Amino acid sequence: MSKYDHQKIEKKWQKRWEKEKSFIAEFPSEKPKWYSLIEFPYPSGDGLHVGHIRSNTAIDIISRKRRMEGYNVLYPIGWDAFGLPTENYAIKTGLAPQVVTKKNTDIFRRQLKSLGFSFDWDREINTTDPEYYKWTQWMFLKFFEKGLAYKAKVAINWCPKDKIGLANEEAAGGVCDRCGGPVEKRMKEQWMIKITAYADKLLEGLKDVDYIPQAKIQQDNWIGRSEGAEIEFPIVIASEAKQSHFKIASSLSAPRNDLINVFTTRPDTILGATYVVLSPEHKLIGELENRIENLADVKNYIAAAAKKSDIERTEEGKQKTGVELKGITAINPATKEEIPVWVADYVLTGYGTGAIMAVPQHDQRDREFAEKFKLPIVDKPLVSWEEALKVTDGKKTVKYKLRDWVFSRQRYWGEPIPLIHCEQCNWVAVPEKDLPVKLPKVAKYQPTDTGESPLAAMTKWVNVKCPRCGGPAKRETDTMPNWAGSSWYFLAYIIRGESANYQLPITNYFDAFKYFTPVDWYNGGMEHTVLHLLYSRFWNRFLYDLGLVPVAEPYKKRTSHGLILGEDGVKMSKSRGNVINPDGLVKEFGADSLRLYEMFMGPFDQAIAWDPRGILGTSRFLERVWQIGTTKTTSLHSQVFKDDVGLERLLHQTIKKVSEDIETMSFNTAISAMMIFVNECVAKQTISQSVWQKFVLILAPFAPHIAEELWEVLGNKNSIHLESWPKFDPNKIVEDSFELIIQVNGKMRGKANVPIGTPQDEAEKLALEQSSVKKWIEQKTFKKVIFVKDRLINFIV
Ligand code: ANZ
Ligand code: ZN
């Protein structure tokens, strides 16, 4: 008996697959297509993580099964290579990010290849390749051309540690999603992309896709559509109250500083509105500054609020804070009563109108606030929406929680924003023939405290002629966020298959898009649901509206894997020293053992701790498979032995289970079914080839190397991955015996395992032989025997 030599055999097949280009997706093709996608990795300096392997193996299994089912499968891979860790490494070492990226992708490529994933390596992409980001820039210019990219001074989330502005999505919970440190608010000129214009389309699109429920719910909440109304509350200024009372707005057009416009989803509660609250950033406060009697208190309060994140400000159960604007009151337009005006940070500036009518009778937050500051809580009836809106010139509106996408980064390692600023012409697009705008070489990568990118120091690069008027002009020095390149990469794989250097124009690829898109199955992390997943749906939808891509929704199905935690049950991290390096495991146990272990470790969608003994189990299983496959199978024997009928039944049951479990990502139970089958085989002297080879076929997507080798051992010349996925025979699954229930006078007295279809006389004979039954009928006479075929026999005595 030879031991399974995983090192030799895995290398052998990896070379063969590469040479024979076994996993290349074809276009055009007569076959039906299947597009599988995993989130392409960020090639960090740490190398491949066992978490990558979990997601990649799962989708590899699905891809391999689809190939065997006759599909032309596209399962591509590439590098999402712009990003902070590489840039920070460049700052520390002085090495160019381009050089670091090359080194890291070489490591990742070697590691991924060592695991035998069936990627189409001919379509490998890299977001930092200038030929790639030429397209990212070109698409950005489409947003610009359509008025969806604009520059605005906005309060951004500023991470003082990383010296970078962050989108809301990257600063959830008030912490930087890169370094975990607290973020501050800063006012800054930024390029913005109007994703809010697509809020309704992004919500609508969710109806047509098959995403796991949590992903849909998170996107839905993030977009946060609310139907409500804006209602105006006239202001009374104490110092002027004697002369002019208050004016009801005559025109709704211009914002007026004698009105507070509130947003409410409950206009029907207006009679109970006993005070008004402005967010600390509300601009009325500045406009009314010299009428506010306690201005110093108000200013202090505002300064303190600016340091808090939105999450801190709105946290449930948190002590409410606020200051009354002394000297200012408002009129409840429904009751005509004069009510106080407060500033409080539980009202956010970015949502609605940044001002609310507080109804402590109905709203929990308002109640807590009113109780704390002894504001009136009244018991008033509800009114109809119509009535509420009439008193008030109010109007129905829809508000969204979704904010526009902050698209500027003041860093080096990103796509330059391809715009030029001219005093005469304002912002002008770089002409298409001049794309890509390449990142220039810089002397240092350090971001500045003033918040400018290192590109700003490259005067030769910055100063250009205006493409429109030829006058002196300057390039934009901001770069794009690292979500840009990943927003369309599923299209890039298709383009890459047709043109190695991604030639423009985009219209060249419409037919290929039509064939391959949408992505049929996309697996990725839950942490990307309101970032990458939302951005790329938006980006694709925009291209769709321009008629450039054929489908509105890029991903038909979305699933998510659970995290792999360290042995200690917490997230793997270098600082905790609980990171598992896959290289050592591949060397010691083989890629197949590692793949199997990661699929067997627990339910795919659940977080699970690494168990170092787990891989011992799966490698022992494969060793057993090897021994059976090399010593027990009959050669060239297509007939199933009579002895093997039971094993053949188990085989068909296993084919059924594995086929179904792959579709529901129940990989762990599929593997246990295969283990049960193998244990049965261990107990046999010989196993007929026709049974064994079907088993090897269903093992192939999970453990592709050993399966390929065993397939060869069976005498096959073709790759197992070109074979058809076996079908189970429903007739062969059916059990051929059952438990006959034996009763005496209706009471159960015994059981017997008998063949299906046993006739009454044989059943009687068998039943009466049972000692447990005998004692109840000895020396008695039968009155009657009741027989229900394939179920029970009942002796009436
Ligand atoms: C009066 C009222 C009475 C409200 C009541 C609710 C319940 P959603 O559903 O999230 O859209 N609100 C409006 N703008 C706000 C802001 N910028 N910051 C904090 N809260 C704000 O919530 C809309 C409701 O949240 C609005 O309706 C408003 O309070 C508050 F029984 O108005 B409501
Ligand atoms: Zn100009």
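Here the structure is a predicted model, which is why all the values come from computation and not from measurement. Atoms within a ligand are numbered from 1 in the order they appear, just like the ligands themselves.
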**Q** Got the closest protein heavy atom to atom 18 (N) of ligand 1, with its distance?
**A**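 Its nearest protein heavy-atom neighbour is L348 N, 3.0 Å.
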
**Q** Between Y346 and K320, is there a cation-pi geometry (under 6.0 Å to ring centre, at most 45° from the normal)?
**A**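 Because its charged atom sits under 6.0 Å from the ring centre and within 45° of the axis, K320 does stack over Y346.
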
**Q** What residue and atom, counting heavy atoms only, is the protein's closest point to atom 19 (C) of ligand 1, and at what distance?
**A** Y346 O, 3.4 Å

**Q** Can you tell me if K401 contacts ligand 1 (heavy atom of the residue under 4.0 Å from the ligand)?
**A** yes

**Q** Evaluate the criterion side-chain contact (heavy atoms from CB on, under 4.5 Å) for residue pair W405 and T196; output intermediate values, then yes/no.
**A** CA-CA 8 Å; W405 181 6; T196 52; over 6 Å; no

**Q** Could you tell me which atoms of ligand 1, counted from 1 in the order shown, lie closer than 4.0 angstrom to a heavy atom of F263?
**A** 13 (C), 26 (C), 28 (C)

**Q** What is the nearest protein non-hydrogen atom to atom 4 (C) of ligand 1, stated with its residue, atom name and distance?
**A**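 Ranking protein heavy atoms by distance from atom 4 (C) of ligand 1, first comes D363 OD2, 3.7 Å.
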
**Q** Any heavy-atom pair between the side chains of T529 and L534 that's under 4.5 Å?
**A**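 Not touching, per the 4.5 Å side-chain cut-off.
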
**Q** Quick one: ring pair (Phe, Tyr, Trp, His ring centres under 6.0 Å) partners of Y489, sequence neighbours excluded?
**A** F40, Y493, H532

**Q** Answer yes or no: is there a side-chain heavy-atom contact under 4.5 Å between W427 and K151?
**A** yes

**Q** What part of T264 sits under 4.0 Å from ligand 1 if we count only heavy atoms: the side chain, the backbone, both or neither?
**A** both

**Q** Please work out, at 4.0 Å between heavy atoms, whether the side chain, the backbone, both, or neither of R365 comes within that distance of ligand 1.
**A**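 Near ligand 1, R365 shows its side chain, while the N, CA, C and O stay back.
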
**Q** Give me the nearest non-hydrogen protein atom to atom 5 (C) of ligand 1 as residue plus atom name, then the distance to 0.1 Å.
**A** R266 CG, 3.6 Å

**Q** Below 4.0 Å, non-hydrogen atoms only: which portion of V347 touches ligand 1? Side chain, backbone, both or neither.
**A** both

**Q** Decide yes or no for F140 and F407: does some side-chain heavy atom of the first lie under 4.5 Å from some side-chain heavy atom of the second?
**A**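 Yes, close enough: below the 4.5 Å cut-off.
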
**Q** Give the atom numbers and elements of ligand 1 that come within less than 4.0 Å of a heavy atom of S226.
**A** 8 (P), 9 (O), 11 (O)

**Q** S453 versus R411: any side-chain heavy-atom pair under 4.5 Å?
**A** no

**Q** Any non-hydrogen atom of G352 lying under 4.0 Å from ligand 1?
**A** no

**Q** Does any N/O atom on T265 come nearer than 3.5 Å to any N/O atom on ligand 1?
**A** yes

**Q** Around K380, counting heavy atoms of other residues, nucleotides and ligands shown, do more than 12 lie under 6.0 Å from its NZ?
**A**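 Atom NZ in K380 is packed in, count exceeds 12.
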
**Q** Using a 3.5 Å cut-off on N or O atoms only, is D366 in polar contact with ligand 1?
**A** no

**Q** Name all pairs fulfilling the salt bridge (charged side-chain N to carboxylate O under 4.0 Å, His left out) condition that reach into residues 186-197, sequence neighbours left out, sorted by first residue then second.
**A** none

**Q** Tell me which protein heavy atom sits closest to atom 14 (N) of ligand 1, plus the residue, atom name and distance to 0.1 Å.
**A**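 Result: I356 CG2, 3.6 Å.
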
**Q** Flag the pair V398 / S226 as yes when at least one side-chain heavy-atom distance between them is below 4.5 Å, and no otherwise.
**A** no

**Q** Just which atoms of ligand 1 are under 4.0 Å from any heavy atom in H362?
**A**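 Those qualifying, in numeric order: 31 (F).
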
